[in-house]
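I have placed the structure first, in the form of structure tokens, so that the comments after it can refer back to it.
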Amino acid sequence: MTSNDDVALRVRALESLLLEKGLVEAPAIDEIIDLFENRLGPQNGARVIARAWSDPAFKARLLSNPTDAIVELGFEAVQGEDMVVVENTSRVHNIVVCTLCSCFPWATLGLPPVWYKSAPYRARAASDPRGVLAEFGTEIGQEAEVRVWDSNAELRYMVLPEKPAGTDGMSEDDLMPLVTRDSMIGVTKALDVGEVTP
Amino acid sequence: MSRVITQEVAQSLYKATRTAHVDADVSASFSVGDGIQARNVNPTGHTRLPRYIRGKQGMIAADHGVFQFADSLAHGGGKQPQHLYSVKFTAQELWGADAPAKDSLYIDLWDDYLEPTEMGT
């Protein structure tokens, strides 16, 4: 039995116990699964970024008043109440970490990946961001500045990646697949057009 | 008393109702550009002031406005609303002379964590 089977079995056992004891109703579980599978996740963040790449006025609002700009697109949920968006340029690369725990902008990025919550990422993203970036395949030249954002308090951070070259004239919908979760955490750049699998 | 989690309760748990921003008229002890030093304190309970920041010198990069204070809330001390700042620390201040000269780290710190320095801008 793989450990995934083991976890699945344990989850099923817990679910039936909670239902049997009347602590949780089945539609509540469906609601939570639907929320995290379909309504909260990096597809929301990708929509925000693609809009910012396509619409300069929206981008200006996103950088000056991120919480409201994101709500404008309908993404309003817990862990998105107080947002900060930081912009990557050819001269500045931003990377987000929560050194104290696992704070993450759920409304736009969903739940954090396992590595984001791991002690090594939390320690090294702060103390050696260029080393961490290199491990993600992201080389930042010495002429550029790396800024680490520790979301230790109440604000939640999202990176606005640089718009990849060769994307002029592309529609917002066509830009969306270039925006990955990792690029909005800042550990990678957005994908190039050729890197998207059709 | 147990509370049954219904679909309605599940929906309410994920609504954007947990802003930590407080609409209160509290004066700020620092302005953007001010030099600060993070207090070197070692509380035994909950704090959002990580050890790697304590005693280090930085600069106020932005004022986020007034927020409830996580440290006091965690200990039943109420919201103690105060200004929360984005504070910039150079990588060299935090990690020593071998760190890249241009790199920096930004972290959100409440008024109570900070004391003024001579540094400034």
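Order of the sequence lines sets the chain letters (A, B, ...), proteins ahead of strands, with each chain counted from 1. Just so you know, these numbers come straight off a predicted model, no measurement behind them.
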Task: From CG (A:Leu19) to CD1 (B:Ile5), nearest 0.5 Å - done: 11.0 Å
Open item on the list: Quick check on the interface: out of A:Gln79, A:His93, A:Glu143, who has the most heavy-atom pairs with chain B under 4.5 Å?
Closed with: A:Glu143
Open item on the list: Counting only non-hydrogen atoms closer than 4.5 Å, does A:Phe36 touch chain B with its backbone (N, CA, C, O), its side chain (CB onward), both, or neither?
Closed with: side chain
Task: N/O donor-acceptor pair under 3.5 Å between A:Asn152 side chain and B:Asp108 backbone - done: yes
- [ ] Look at the rings of B:Tyr106 and A:Trp149 and say which category their plane angle falls in: under 30° parallel, 30 to 60° tilted, over 60° perpendicular.
- [x] parallel
TODO: Please round to the nearest 0.5 Å and tell me the distance separating atom CD of A:Glu154 and atom CH2 of B:Trp110.
DONE: 4.0 Å
TODO: Select one option (side chain, backbone, both, neither) describing which atoms of B:Thr90 are under 4.5 Å from chain A's heavy atoms.
DONE: neither
Open item on the list: According to a hydrophobic-cluster definition based on side-chain heavy atoms being under 4.5 Å apart (Ile, Leu, Val, Met, Phe, Trp, Tyr only), do A:Leu160 and A:Met170 belong together?
Closed with: yes
Task: Under 4.5 Å from any heavy atom of chain A - which part of B:Tyr14 - done: both
- [ ] Identify which part of B:Ala91 has an atom lying under 4.5 Å from any heavy atom of chain A, answering side chain, backbone, both or neither.
- [x] neither
Open item on the list: Please determine whether the number of non-hydrogen atoms from other residues, nucleotides or ligands lying under 6.0 Å from atom CG of A:Asn38 exceeds 12.
Closed with: yes
TODO: Report whether B:Leu73 and B:Val22 are members of the same hydrophobic cluster (ILVMFWY, side-chain heavy atoms less than 4.5 Å apart, transitive linking).
DONE: no
Open item on the list: I'd like to know whether B:Gln11 forms a side chain to side chain contact (heavy atoms under 4.5 Å, CB included) with A:Glu31, so could you lay out the CA-CA distance, the side-chain angles of the two residues, the decisive distance to 0.1 Å, and finally the verdict.
Closed with: CA-CA 7 Å; B:Gln11 281 166 345; A:Glu31 177 75 28; 3.1 Å; yes
Task: Interchain contact, A:Ala126 with chain B, by part (heavy-atom threshold 4.5 Å) - done: both
Open item on the list: With a 6.0 Å cut-off (strictly less than), is the heavy-atom count around CD of A:Glu87, excluding the residue itself, greater than 12?
Closed with: yes
Task: Shared hydrophobic cluster, B:Val26 / B:Val87 (ILVMFWY, side-chain heavy atoms < 4.5 Å) - done: no
Task: Over all atoms of both residues, closest heavy-atom pair of B:Ala10 and A:Ala28 - done: CB-O, 3.8 Å
TODO: Please look at B:Leu94 and chain A and tell me whether the side chain, the backbone, both or neither of the residue comes under 4.5 angstrom of a heavy atom of that chain.
DONE: neither
TODO: Kindly give the heavy-atom pair with the smallest separation between B:His21 and A:Asp82, and that separation in Å.
DONE: CB-OD1, 3.9 Å
- [ ] Take atom CG of B:Asn42 as the centre, draw a 6.0 Å sphere, and report whether it contains more than 12 heavy atoms from other residues, nucleotides or ligands.
- [x] yes
Open item on the list: Could you see if A:Leu40 belongs to whatever hydrophobic cluster contains A:Met176? Use Ile, Leu, Val, Met, Phe, Trp, Tyr and a side-chain cutoff under 4.5 Å.
Closed with: no
Task: Heavy-atom pairs under 4.5 Å with chain B, option from A:Leu100, A:Val24, A:Leu155 with the top count - done: A:Leu155
Task: A:Leu63-A:Val48 co-clustered via ILVMFWY side chain contacts under 4.5 Å - done: yes
TODO: Under 4.5 Å heavy-atom distance to chain A, tell me which part of B:Tyr52 shows up: side chain, backbone, both or neither.
DONE: side chain
Open item on the list: Using a 4.5 angstrom heavy-atom cutoff, name the option from A:Ile140, A:Leu35, A:Asn94, A:Leu18 with the most pairs to chain B.
Closed with: A:Leu35
- [ ] Specify the closest pair of heavy atoms between B:Lys102 and A:Gln142, including all atoms of both residues, with the distance to one decimal.
- [x] CD-O, 4.0 Å
TODO: Give, as side chain, backbone, both or neither, the part of B:Pro50 having an atom under 4.5 angstrom from any heavy atom of chain A.
DONE: both
Open item on the list: So which residue, A:Ala144, A:Ala153, A:Ser127, ends up with the most heavy-atom pairs under 4.5 Å with chain B?
Closed with: A:Ser127
TODO: Write down the atom of A:Val84, the atom of B:His64, and the distance for their closest heavy-atom approach.
DONE: CG2-CE1, 4.1 Å
Task: Approximate separation, where rounding is to 0.5 Å, of A:Cys98 SG and B:Arg48 CZ - done: 8.0 Å
Task: Note: A:Arg130-B:Asp103 ion pair, threshold 4.0 Å (strictly below) - done: yes
TODO: Please test A:Glu25 against B:Val4 for side chain to side chain contact (heavy atoms under 4.5 Å, CB included), starting from the C-alpha separation and ending with a verdict.
DONE: CA-CA 7 Å; A:Glu25 292 181 359; B:Val4 179; 3.9 Å; yes
Open item on the list: Does any backbone or side-chain atom of B:Ile53 lie under 4.5 Å from a heavy atom of chain A? Answer side chain, backbone, both or neither.
Closed with: neither
